[in-house]
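Along the sequence shown, residues carry numbers from 1.
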Amino acid sequence: MEFMKEIEELVQRYADAVHTQDENEFKSLWTQEDTNIEISGTMLFQGVESIYQDFLINLIQKKYSSIYVINDGLQAYLLTDDVAVAVFKYHTECVIRESGKPHGIAGLETQVKKKTGEGWKIAHIQYHGKDITREAI
């Protein structure tokens with residue numbers, strides 16, 4: 001499989017895992033290193049267990065009853081034979097759990113990928129976004 005297709009597929013698998021919150025799938029996307037980090041705005045989650053529990057379950061799942069992350073244009077760069085970075089604009093289509101109202105966020109995400117014996121895996125994610133109205137999605 002060509003490099004760009006592999007990276008796009010991994011980004012989509014991550015977006016799907018955020019939506020389904022499937023623990024096994026979500027965790028399988030990461031390199032499983034202590035240095036795995038997800039930065040969300042001003043919050044930092046380190047280690048796959050913290051990223052899954054503290055970020056995805058305790059933050060995202062508690063806030064939204066539904067969340068879709070949509071890639072709005074990805075660029076990927078091979079830094080070394082086994083390290084790559086993907087940068088993409090995204091938007092979300094969410095439903096706020098408490099009110100049932102639609103909500104969206106638009107922003108920019110960077111994912112650092114590391115090639116392992118199992119293929120490309122996520123080593124680091126950082127994203128920033130701003131709230132947008134449902135009509136702007």
Side-chain angles (χ1 to χ4, degrees):
M1 190 183 303
E2 77 173 63
F3 165 73
M4 190 64 176
K5 187 173 180 179
E6 289 179 88
I7 298 301
E8 287 173 344
E9 182 179 287
L10 184 55
V11 168
Q12 186 58 53
R13 285 181 60 209
Y14 175 79
D16 292 344
V18 168
H19 173 70
T20 65
Q21 297 168 11
D22 179 284
E23 182 175 6
N24 291 330
E25 174 64 8
F26 185 85
K27 289 179 176 180
S28 77
L29 302 173
W30 293 82
T31 63
Q32 304 300 316
E33 297 171 323
D34 292 339
T35 55
N36 288 155
I37 292 175
E38 180 145 351
I39 298 172
S40 169
T42 61
M43 294 178 283
L44 182 143
F45 305 93
Q46 185 166 354
V48 176
E49 190 60 36
S50 174
I51 295 167
Y52 179 75
Q53 280 299 327
D54 300 331
F55 168 71
L56 190 60
I57 301 302
N58 295 333
L59 181 68
I60 299 299
Q61 186 181 59
K62 283 186 179 177
K63 186 169 184 176
Y64 304 113
S65 60
S66 175
I67 180 170
Y68 291 93
V69 179
I70 295 97
N71 170 359
D72 291 326
L74 179 138
Q75 295 177 321
Y77 307 94
L78 191 59
L79 303 179
T80 67
D81 289 343
D82 64 348
V83 176
V85 64
V87 179
F88 59 98
K89 291 181 181 179
Y90 72 89
H91 73 273
T92 66
E93 296 177 0
C94 309
V95 175
I96 297 174
R97 184 172 298 283
E98 188 175 289
S99 68
K101 292 184 178 182
H103 178 71
I105 300 165
L108 185 65
E109 183 163 323
T110 302
Q111 294 187 5
V112 176
K113 315 291 188 177
K114 184 174 181 183
K115 195 165 196 173
T116 70
E118 300 174 24
W120 290 100
K121 300 283 186 172
I122 301 168
H124 175 90
I125 293 176
Q126 182 167 359
Y127 70 91
H128 301 280
K130 63 178 181 173
D131 291 348
I132 57 174
T133 63
R134 177 76 175 153
E135 293 75 29
I137 295 175

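Grouping the Ile, Leu, Val, Met, Phe, Trp and Tyr side chains by contacts below 4.5 angstrom, directly or via other members, places V83 apart from L78. Hydrophobic cluster membership is shared by I60 and Y52, with clusters built from Ile, Leu, Val, Met, Phe, Trp and Tyr side chains linked at under 4.5 angstrom. One hydrophobic cluster holds both F26 and Y127 under the rule that ILVMFWY side chains link at heavy-atom gaps under 4.5 Å.
Nearest heavy-atom pair across F45 and D54 is CD2-CB, 3.7 Å. When all heavy atoms of I125 and Q111 are compared, the closest pair comes out as CG1-CG, 3.6 Å. The minimum heavy-atom distance linking G41 with H128 is given by the pair O-CE1, 3.9 Å. Closest non-hydrogen pair, F3 versus Y77, comes out as CZ-C, 3.9 Å. Closest heavy-atom contact between Q46 and D34: NE2-O, 3.1 Å. In terms of heavy-atom proximity, I105 sits nearest to Y90 at CG2-OH, 3.8 Å.
For E23 (side chain) and Q53 (main-chain N/O), no donor-acceptor pair under 3.5 Å exists by modelled atom type. No donor-acceptor distance shorter than 3.5 angstrom exists from the side chain of S40 to the backbone of M43, with no hydrogens or angles considered. Listed for the D82 side chain is no donor-acceptor partner under 3.5 Å among the backbone atoms of K114. Judged by distance alone, the side chain of T92 and the main-chain N or O of C94 form no donor-acceptor pair under 3.5 Å.
Side-chain atoms of K113 and I122, non-hydrogen and from C-beta on, do get closer than 4.5 Å to each other. In this structure, L56 and I51 have side chains that are not in contact, with every pair of non-hydrogen atoms separated by 4.5 Å or more. Put simply, the side chain of D72 does not reach to within 4.5 Å of the side chain of F88, judged on heavy atoms. Side-chain contact between Y64 and R97 is absent, with no heavy-atom pair separated by less than 4.5 Å. I70 is listed as a side-chain neighbour of E93, based on a closest heavy-atom distance under 4.5 Å. Side chains of S28 and E118 form no contact here, defined as non-hydrogen atoms less than 4.5 Å apart. Between V18 and Y14 the shortest side-chain heavy-atom distance falls below 4.5 Å. In this structure, M4 and L74 have side chains that are in contact, with non-hydrogen atoms separated by less than 4.5 Å.
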Worksheet entry | Verdict with reasoning, T110 to H124, per side-chain contact (heavy atoms from CB on, under 4.5 Å) | CA-CA 8 Å; T110 302; H124 175 90; 5.8 Å; no
Item to complete: Dump the intermediate steps for side-chain contact (heavy atoms from CB on, under 4.5 Å) on K121 and W30, then the final yes or no.
Response: CA-CA 5 Å; K121 300 283 186 172; W30 293 82; 5.9 Å; no
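If you take CD on Q126 and CG on L44, they are separated by 9.0 Å, rounding to the nearest 0.5 Å.
Each of H91, H103, H19 was checked for a ring-ring contact (aromatic ring centres under 6.0 Å, His included) with Y68, and the lone residue meeting it is H19.
D16 and Q12 share a donor-acceptor pair across their side chains, judged by distance under 3.5 Å alone.
Surrounding CD of E33 are more than 12 heavy atoms belonging to other residues, nucleotides or ligands, all under 6.0 Å away.
Applying the side-chain hydrogen bond (donor to acceptor under 3.5 Å, both in side chains) test to E98 and every residue at least two apart in sequence or in another chain returns nothing.
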